Amino acid sequence: MTVRKAIFPAAGLGTRFLPVTKAQPKEMLPLVDKPTIQYGVEEAIASGIEQVIMVTGGGKRAIVDHFDRSVDLEHYLQERDRPDLLEILASVDQLSDRVDITYIQQKEPRGLGNAVWTARRLVEGEPCAVLLADDVIICEQRPVLKQLIDTHSKTGATVLAVRRIPREQVGRYGVIATSSSNGRVHEVTDMIEKPSPGSEPSDLAMLGRYVILPAVMEELGQTEPGAGKEIQLTDAIKRTIGRHRVVALEFEGDYYDTGTVAGYLRANLTMAMKREGLREELAPLLKELLEG
Ligand code: G1P
């Protein structure tokens, strides 16, 4: 079965970014000049997704407005004859023509697993994608979600995006244990959310992209709170191992963790330096700052 739907958990309070997230969703913080969540929606569309399900909490109105048409702004720009800016607006408007964006509220912040479970009825028993927009993954060719969907088509398995991370950092992630491997695809035998130092089963960390089988959704309804006293997606996937195949794909692409202030700034700097027009202006400044 093809993967048609993608769940975007976007209900977090963004406390790591206070005060900027006091009245603004963290998903709307820009990477250069585009909100972080837009990168995820563009990736989903480029991967063939037909429906994006945003699981939001309170105070996320700006996300809805961003993907909606702004007729006032269009009139304003038309009157001032700014086709260049109208083109930028149109590029965002076109996203919601190419994919249906549905919003559903997570009533309480009970963790990633609970956010995904909130979307269960909209998913209608199909295998579906889960995309954590904090993890921005830029691919020259095939988008990372498409890489996962292709792996799912070949294996029929639940598929996790993984990358090797320095051992001292894996405690921030969900980490997998594997048996056999076929190129970049590993059979998953166990997984643990945020392992304590020394107990990590490998250096392969999960990085915010999943294709999950319906069995995972069923398990989520029965999963008790785990690490951080939250209902963990990792725990529900783990409970399907043995009955259903779970594989991990070491994806290709540039990974940016925008979920911390340092990671967010790194992503902005790196992307700005890759942008023609900004690079020329920023390079001398960065050099000066470093030398000074
Ligand atoms: C979540 C997942 C974790 C994964 C991580 C990737 O954790 O629970 O398994 O490795 O995203 O960013 P969070 O960052 O929400 O604590």
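Predicted, not measured: the structure shown is a model, and the values here were computed from it. Every number for a ligand or one of its atoms is a count from 1 in the order of the listing.
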Checklist entry - D135 heavy atoms, cut-off 4.0 Å: which ligand 1 atoms fall inside? => result 6 (C), 12 (O)

Checklist entry - Can you find a heavy atom in the side chain of V170 that is under 4.5 Å from one in the side chain of L204? => result no

Next on the checklist: Checking the N or O distance criterion of under 3.5 Å, is ligand 1 in contact with M206?
Outcome noted: yes

Next on the checklist: Test of understanding: given a 4.0 Å heavy-atom threshold, classify the contact between R172 and ligand 1 as side chain, backbone, both, or neither.
Outcome noted: neither

Next on the checklist: Looking at K194 and E200, is there a salt bridge between them, counting it only when a charged N and a carboxylate O are closer than 4.0 Å?
Outcome noted: no

Checklist entry - Are side-chain heavy atoms of T158 and V216 found at a separation under 4.5 Å? => result yes

Checklist entry - Considering E193, M191, E230, which one's heavy-atom position lies nearest to atom 9 (O) of ligand 1? => result E193

Item to check | Polar atom proximity, K194 to ligand 1 (N or O, under 3.5 Å) | outcome: yes

Checklist outcome for this item: For G174, the ligand 1 atoms with a heavy-atom partner under 4.0 Å come out as 3 (C), 4 (C), 9 (O), 10 (O)

Next on the checklist: Only heavy atoms of L112, strictly under 4.0 Å: list the atoms of ligand 1 that pass.
Outcome noted: 2 (C), 8 (O)

Checklist entry - In terms of atom number and element, which parts of ligand 1 are under 4.0 angstrom from non-hydrogen atoms of Q232? => result 8 (O)

Checklist entry - Does anything in residues 263-292 pair up under ring pair (Phe, Tyr, Trp, His ring centres under 6.0 Å), and if so which pairs, sequence neighbours excluded? => result F17-Y264

Item to check | Atom indices of ligand 1, in the order listed, that fall short of 4.0 Å to a heavy atom of L132 | outcome: 1 (C), 11 (O)

Next on the checklist: As an exercise, identify every atom of ligand 1 less than 4.0 angstrom from a heavy atom of Y173.
Outcome noted: 6 (C), 10 (O)

Item to check | All pairs passing ring pair (Phe, Tyr, Trp, His ring centres under 6.0 Å) where residues 48-68 contributes a residue, at least two apart | outcome: none

Checklist entry - With distance as the sole criterion, is a donor-acceptor pair present between the side chains of T102 and Q51 under 3.5 Å? => result yes

Checklist entry - With a 4.0 Å cut-off on heavy atoms, does T234 reach ligand 1? => result yes

Checklist entry - Side chain, backbone, both or neither: which part of D257 comes within less than 4.0 Å of ligand 1 when only heavy atoms are counted? => result neither

Next on the checklist: With a 3.5 Å distance limit and no angle check, can you tell me whether E219 reaches the backbone of T240 through a side-chain donor-acceptor pair?
Outcome noted: no

Checklist entry - Taking K26 as the fixed residue, which of T15, D134, T21 is the one that meets the side-chain hydrogen bond (donor to acceptor under 3.5 Å, both in side chains) rule? => result D134

